[in-house]
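Every heavy atom of this structure was used, including side-chain atoms; hydrogens, water molecules and symmetry mates were not.
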Amino acid sequence: MTDLAALARLDGMALAELCARGEVSPEELFDACMARIDALNPLLRAVVTVAREPSGPAKSGPFSGVPFLVKDSTPWPGLRWSMGSRLFAANLAQRQTPYGRRLEESGLVCAGKSAMAELGLLFSTETLLEGVTHNPWNLACSATGSSGGSAVAVAAGLVPLAHANDGGGSLRVPASACGLFGFKPSRGRTVPASFGSSDFGDMTSDHCISRSVRDSALFLSITEDRSGGAPVGFVREPFTRKLRIAAWTRTSMGMEPEPAVRRAYDEALALLTGLGHIVEPIASPSFDSPALGDAFLLVAGAAVAGIVDTVDQTRDLPVQRDELEPYTWALADAFLARGADALPRARATFAQAVHAYQEATRGYDVVLTPVLATEPWRLGHLSPVLGREELARRTARAIGYTPLHNIAGCPAMSVPLHFPEDGPPIGTHFAAAPGADALLLGLAYQLEEARPWKDRWAPYSIPALF
């Protein structure tokens with residue numbers, strides 16, 4: 001086994017510990033990361049901008065010297081900030097965000113930007129600007145999205161962890177499809193990771209995709225907003241109290257998951273029961289699911305329309321049709337065709353769904369569902385050149401569990417508990433009440449200890465190939 005593979009097998013905290021003991025230097029870690037990116041990124045296309053030189057010496061902190069990636073949704077000074085869109089292909093970020101400053105202060109070293117769906121709108125990472133990002137478990141499969149590049153880079157061993165964000169499942173879904181741990185913090189838990197806001201932005205939480213729970217827990221402690229309320233801090237140990245867990249499989253659109261997903265769910269249920277938790281199957285929350293899906297797309301369309309309007313005000317030439325993908329334009333056009341009361345009505349629909357969710361889960365510590373209703377799909381299944389109605393239909397079939405937790409502001413996570421022999425992994429989804437981030441992380445430690453996944457490597461990964 002080469003040093004390239006040996007370092008790739010370690011999580012971020014282990015790499016930082018090597019640095020702290022003087023067994024490896026930050027420069028050596030960075031050079032090894034560049035070598036891994038050069039070896040596999042031409043095939044996988046997870047990294048869209050490579051930072052060939054670190055921006056400066058690694059700062060002293062808990063992740064000192066550890067290379068990571070920033071999702072291209074978020075600016076990083078000196079690097080291109082395209083958000084997966086031809087409209088911003090030449091955009092160079094100038095300012096650092098409060099979130100980015102926290103990451104720098106922790107000692108993390110940015111090695112580049114990861115691929116994403118255009119503006120974070122689709123659950124597949126295949127854009128007209130960057131091309132296709134491949135799932136390292138099966139190159140014909142989508143890495144899903146929108147944080148597909150971050151998930152692929154971690155699953156392939158290019159970096160130990162990568163920044164990602166989640167407005168409806170964009171972090172948890174690719175973590176599931178790539179066999180990784182994906183945690184979405186509660187709304188408002190972390191300092192701001194971007195500039196500006198919108199209804200869509202308010203539903204979005206920033207965090208990371210990682211191979212270990214401890215990396216994710218440390219990352220959260222570094223980035224959390226300490227200005228109000230009780231901070232989570234660094235959650236270090238498994239949760240030991242017996243939990244009451246509500247469980248269901250029916251999606252928000254009233255459909256049951258595919259057989260392979262159901263098997264993964266049943267395995268997780270048996271594992272939780274074996275660990276002493278009380279798992280109670282209940283009916284899924286009852287609300288107007290088509291209306292909720294329509295409201296979600298309308299809010300996304302409002303965000304796109306706002307971006308177009310902002311760009312139009314800053315240059316002489318209005319945004320052209322070929323600067324955004326067909327699906328992106330379709331969302332904006334659909335929003336603009338609605339009346340002035342469209343957004344207030346969407347917010348009211350959100351509130352009704354959140355109320356139904358809270359009523360259904362009252363008295364429970366945790367909610368258990370699948371992450372996706374389907375197995376990870378083939379590339380092209382959610383291509384941005386398909387029509388809006390067809391993409392909405394295909395998305396609704398698969399994405400039936402995760403968006404509600406963004407709307408409700410809940411912490412939620414995908415835990416890699418199921419690795420089929422003939423396809424990409426299938427994650428299991430857990431959520432808790434807003435603010436209960438520490439409880440979920442404690443459960444994640446327990447599951448990681450009971451069903452370890454750290455040595456599960458994709459066929460197209462550095463440890464599997466070198």
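Looking at Gln352 and Phe287, their side chains never come closer than 4.5 Å, going by heavy atoms from C-beta outward. The closest side-chain heavy-atom distance from Phe430 to Leu440 is below 4.5 Å. Considering only heavy atoms from C-beta on, Val371 stays 4.5 Å or farther from Thr428 through its side chain. Side-chain atoms of Tyr445 and Val235, non-hydrogen and from C-beta on, do get closer than 4.5 Å to each other. Side-chain contact between Leu368 and Trp248 is absent, with no heavy-atom pair separated by less than 4.5 Å. Looking only at side-chain heavy atoms (C-beta outward), Val261 and Leu372 stay at 4.5 Å or farther from each other.
Listed by first and then second residue, the side-chain hydrogen bond (donor to acceptor under 3.5 Å, both in side chains) pairs involving residues 368-385 amount to none (not counting sequence neighbours). Applying the ring pair (Phe, Tyr, Trp, His ring centres under 6.0 Å) definition to pairs two or more places apart or across chains, none involves residues 303-331. The ring pair (Phe, Tyr, Trp, His ring centres under 6.0 Å) pairs that include a residue from residues 69-94 are Phe68-Trp76, where partners are two or more places apart or lie in different chains. Pairs of residues two or more places apart, or lying in two chains, that qualify as ring pair (Phe, Tyr, Trp, His ring centres under 6.0 Å) and include a residue from residues 347-375 are Tyr357-His405.
Smallest separation of non-hydrogen atoms from Ala51 and Leu79: CB-CD2, 4.1 Å. Phe296 and Gly168 get closest at one heavy-atom pair: CZ-CA, 3.9 Å. Annotation for Phe123 and Ser170: closest pair CE2-N, 4.0 Å, computed over non-hydrogen atoms. Minimum heavy-atom separation, Ala431 to His429: CB-CE1, 4.2 Å. Across Ile245 and Val367, no two heavy atoms sit closer than the pair CG2-C, 4.5 Å.
Judged by distance alone, with hydrogens and angles left aside, the side-chain atoms of Glu224 form no donor-acceptor pair with the main-chain N or O of Ile222 at under 3.5 Å. Thr349 places a side-chain N or O within 3.5 Å of a backbone atom of Arg345 that can act as its donor or acceptor partner. A donor-acceptor pair under 3.5 Å is formed between the side chain of Thr314 and the backbone N or O of Val311. A donor-acceptor contact shorter than 3.5 Å is absent between the side chain of Lys184 and the backbone of Asn165. Not one N or O on the side chain of Gln96 forms a donor-acceptor pair closer than 3.5 Å with the backbone of Pro77. No donor-acceptor distance shorter than 3.5 angstrom exists from the side chain of Asp365 to the backbone of Leu243, with no hydrogens or angles considered.
A salt bridge does not link Asp225 to Arg102: none of the charged side-chain nitrogens sits closer than 4.0 Å to a carboxylate oxygen. A salt bridge links Arg321 with Asp333: the closest approach of a Lys/Arg side-chain nitrogen to an acidic carboxylate oxygen falls below 4.0 angstrom. A salt bridge links Arg347 to Asp199: at least one charged side-chain nitrogen sits closer than 4.0 Å to a carboxylate oxygen. We find that Arg211 and Asp215 are not joined by a salt bridge, their nearest charged nitrogen and carboxylate oxygen being 4.0 Å or further apart. With salt bridges taken as basic N to acidic carboxylate O contacts below 4.0 Å, one links Arg315 and Glu323. A salt bridge links Glu390 with Arg394; the closest basic N to acidic carboxylate O contact falls under 4.0 Å.
For the side chain to side chain donor-acceptor pair (under 3.5 Å) test, no residue two or more places apart in sequence or in another chain qualifies with Arg101. Taking Pro185 as the reference, Phe183, Arg189, Thr190, Ser205, His207, Leu220, Asp437 meet the side-chain contact (heavy atoms from CB on, under 4.5 Å) condition, with sequence neighbours excluded. Asn91 pairs by the side chain to side chain donor-acceptor pair (under 3.5 Å) definition with nothing, not counting sequence neighbours. Remark: Lys113 engages Asp72 in a salt bridge (charged side-chain N to carboxylate O under 4.0 Å, His left out) (not counting sequence neighbours). Listed by chain and number, the residues in a side chain to side chain donor-acceptor pair (under 3.5 Å) with Thr402 amount to none (sequence neighbours excluded). Annotation: side chain to side chain donor-acceptor pair (under 3.5 Å) contacts of Gln94 (sequence neighbours excluded): none.
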* To do: Could you please spell out the steps behind the side-chain contact (heavy atoms from CB on, under 4.5 Å) verdict for Val354 and Gln358?
  => CA-CA 6 Å; Val354 170; Gln358 291 171 338; 3.6 Å; yes
* With side chain to side chain donor-acceptor pair (under 3.5 Å) as the test, would you mind laying out the steps for Glu118 and Ser85 before giving the verdict? => CA-CA 5 Å; Glu118 182 171 73; Ser85 176; 2.9 Å; yes
* Output, in order, the C-alpha distance, side-chain angles, deciding distance and verdict of salt bridge (charged side-chain N to carboxylate O under 4.0 Å, His left out) for Arg172 and Asp166. => CA-CA 7 Å; Arg172 291 162 287 161; Asp166 190 313; 2.8 Å; yes
Distance-only donor-acceptor hits, side chain of residues 129-140, under 3.5 Å, sequence neighbours excluded:
from	atom 1	to	atom 2	distance (Å)
Glu130	OE2	Arg80	NH2	2.5
Thr133	OG1	Arg45	O	2.8
His134	ND1	Leu139	O	2.7
Asn135	OD1	Trp137	N	2.9
Asn135	ND2	Ser142	O	3.2
Asn135	ND2	Ala177	O	3.1
Trp137	NE1	Cys178	O	3.0
Asn138	OD1	Ala140	N	3.0

Taking distance alone, no hydrogens or angles, what donor-acceptor pairs closer than 3.5 Å link side-chain atoms of residues 148-156 to residues at least two apart or in another chain?
from	atom 1	to	atom 2	distance (Å)
Ser150	OG	Ser114	OG	2.7
Ser150	OG	His163	O	2.6

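A 6.0 Å sphere centred on CZ of Arg388 holds more than 12 heavy atoms belonging to other residues, nucleotides or ligands. In this structure, Phe239 places its CZ atom where more than 12 heavy-atom neighbours from other residues, nucleotides or ligands lie under 6.0 Å away.
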